[in-house]
**Student:** 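Take this structure, written in structure tokens, and hold onto it; I'll ask about it next.
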Amino acid sequence: MYFPRQIQRDVDGKVRLHLQPHEVALLRELLDELKTLLEDPEDRALRRLFPPAHTDRENEEQYRSLVGDQLLTGRMKALATIRDTVGRDTLAPEEADAWLRALNDLRLVLGTRLDVKEDLDYEELDLTEPRGRDLAVYGYLSWLQEQLVEALAVE
């Protein structure tokens, strides 16, 4: 099945977005959900976003006290950027970079919740199964991220 590209690089270096209103609404909904999760960093769905840096508990606590707020602030800033720009037609390169980070965070959290494996076959996806919609959303986010990576890679 063919789907037209929705993210492309312009000749002026800006990234062009061709999102439909329902896609913008979905992304806003997902961003709001992730923002709420980030406000409670103890949520297990965030374990892929904030993996332990040390096996030793004391070193891990020291690490978290030094960089935890910085990591959280960076993620919140990327979410705010995508939220502020999701309805636009073009992104500056630094905004596109924030999109890339936020899309990755959304995918990691959703993938963790769904226990997504590398062998997920989107062609066999059954939208009527309990996880069907969420797996389709995961696939959509992956597709957007892939397009964005390709658009940013164009020289």
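Remember, predicted model here, so these are calculated numbers, not experimental data.
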**Student:** So do Val15 and Trp99 actually touch side chain to side chain, heavy atoms under 4.5 Å?
**Tutor:** no
**Student:** Under the side chain to side chain contact (heavy atoms under 4.5 Å, CB included) rule, what do Leu108 and Val116 come out as? Steps first, then yes or no, please.
**Tutor:** CA-CA 9 Å; Leu108 285 172; Val116 171; over 6 Å; no
**Student:** Identify the two heavy atoms, one from Pro93 and one from Gly13, that lie closest to each other, and give their separation to 0.1 Å.
**Tutor:** CG-O, 3.8 Å
**Student:** Determine whether Arg107 and Asn104 make a side-chain contact, defined as any pair of heavy atoms from C-beta on separated by less than 4.5 Å.
**Tutor:** yes
**Student:** Provide the closest heavy-atom pair for Ala102 versus Ala78 in the form atom of the first, atom of the second, distance.
**Tutor:** CB-O, 4.0 Å
**Student:** Quick one: which of Leu30, Leu27, Leu106, Leu114 gives a side-chain contact (heavy atoms from CB on, under 4.5 Å) with Val137?
**Tutor:** Leu30
**Student:** To check you understand the geometry: which heavy-atom pair defines the closest contact between Gln6 and Gln147, and what is its length?
**Tutor:** N-OE1, 2.5 Å
**Student:** Do Thr90 and Asp12 touch side chain to side chain, with heavy atoms closer than 4.5 Å?
**Tutor:** no
**Student:** Are there more than 12 heavy atoms of other residues, nucleotides or ligands under 6.0 Å from atom CD of Glu39?
**Tutor:** yes
**Student:** Does Leu103 offer a backbone N or O that forms a donor-acceptor pair with the side chain of Gln145 under 3.5 Å?
**Tutor:** no
**Student:** Quick one: pull up NE2 in His18 and CD in Gln8 and give me the separation to the nearest 0.5 Å.
**Tutor:** 4.5 Å
**Student:** Could you tell me the separation between the CD1 atom of Ile7 and the CZ atom of Arg16, rounded to the nearest 0.5 Å?
**Tutor:** 13.0 Å
**Student:** Once rounded to the nearest 0.5 Å, what's the spacing between atom CG of Leu91 and atom CG of Leu100?
**Tutor:** 11.0 Å
**Student:** Step by step, work out the salt bridge (charged side-chain N to carboxylate O under 4.0 Å, His left out) result for Arg101 and Asp97.
**Tutor:** CA-CA 6 Å; Arg101 287 181 278 128; Asp97 183 59; 3.3 Å; yes
**Student:** Can you list the steps and then say if Val24 with Arg28 is a side chain to side chain contact (heavy atoms under 4.5 Å, CB included)?
**Tutor:** CA-CA 6 Å; Val24 171; Arg28 284 189 173 136; 3.6 Å; yes
**Student:** Is any side-chain heavy atom of Asp32 closer than 4.5 Å to one of Arg83?
**Tutor:** yes
**Student:** Which residue pairs satisfy the salt bridge (Lys or Arg N to Asp or Glu O under 4.0 Å) criterion with at least one member in residues 85-94, sequence neighbours excluded?
**Tutor:** Arg88-Glu95
**Student:** So, do Leu49 and Arg75 sit near enough that their side-chain heavy atoms are less than 4.5 Å apart?
**Tutor:** yes
**Student:** Would Leu37 and Arg113 count as a side chain to side chain contact (heavy atoms under 4.5 Å, CB included) if you check the C-alpha gap in whole Å, the side-chain angles of each, and the deciding distance to 0.1 Å?
**Tutor:** CA-CA 12 Å; Leu37 276 177; Arg113 281 186 169 167; 3.4 Å; yes
**Student:** What pairs with Arg48 under salt bridge (Lys or Arg N to Asp or Glu O under 4.0 Å), at least two apart in sequence or on another chain?
**Tutor:** none
**Student:** Are Leu19 and Leu144 packed together at the side-chain level, in the sense that at least one heavy-atom pair is separated by less than 4.5 angstrom?
**Tutor:** yes
**Student:** Atom CG of Leu79 and atom CG of Leu34: how far apart are they, to the nearest 0.5 Å?
**Tutor:** 4.5 Å
**Student:** Roughly how far, to the nearest 0.5 Å, is CZ of Arg131 from OH of Tyr138?
**Tutor:** 11.0 Å
**Student:** Contact between Glu61 and His54 at the side-chain level, heavy atoms closer than 4.5 Å - yes or no?
**Tutor:** no
**Student:** Out of curiosity, Arg9 CZ to Leu148 CG, how far, rounded to the nearest 0.5 Å?
**Tutor:** 10.0 Å
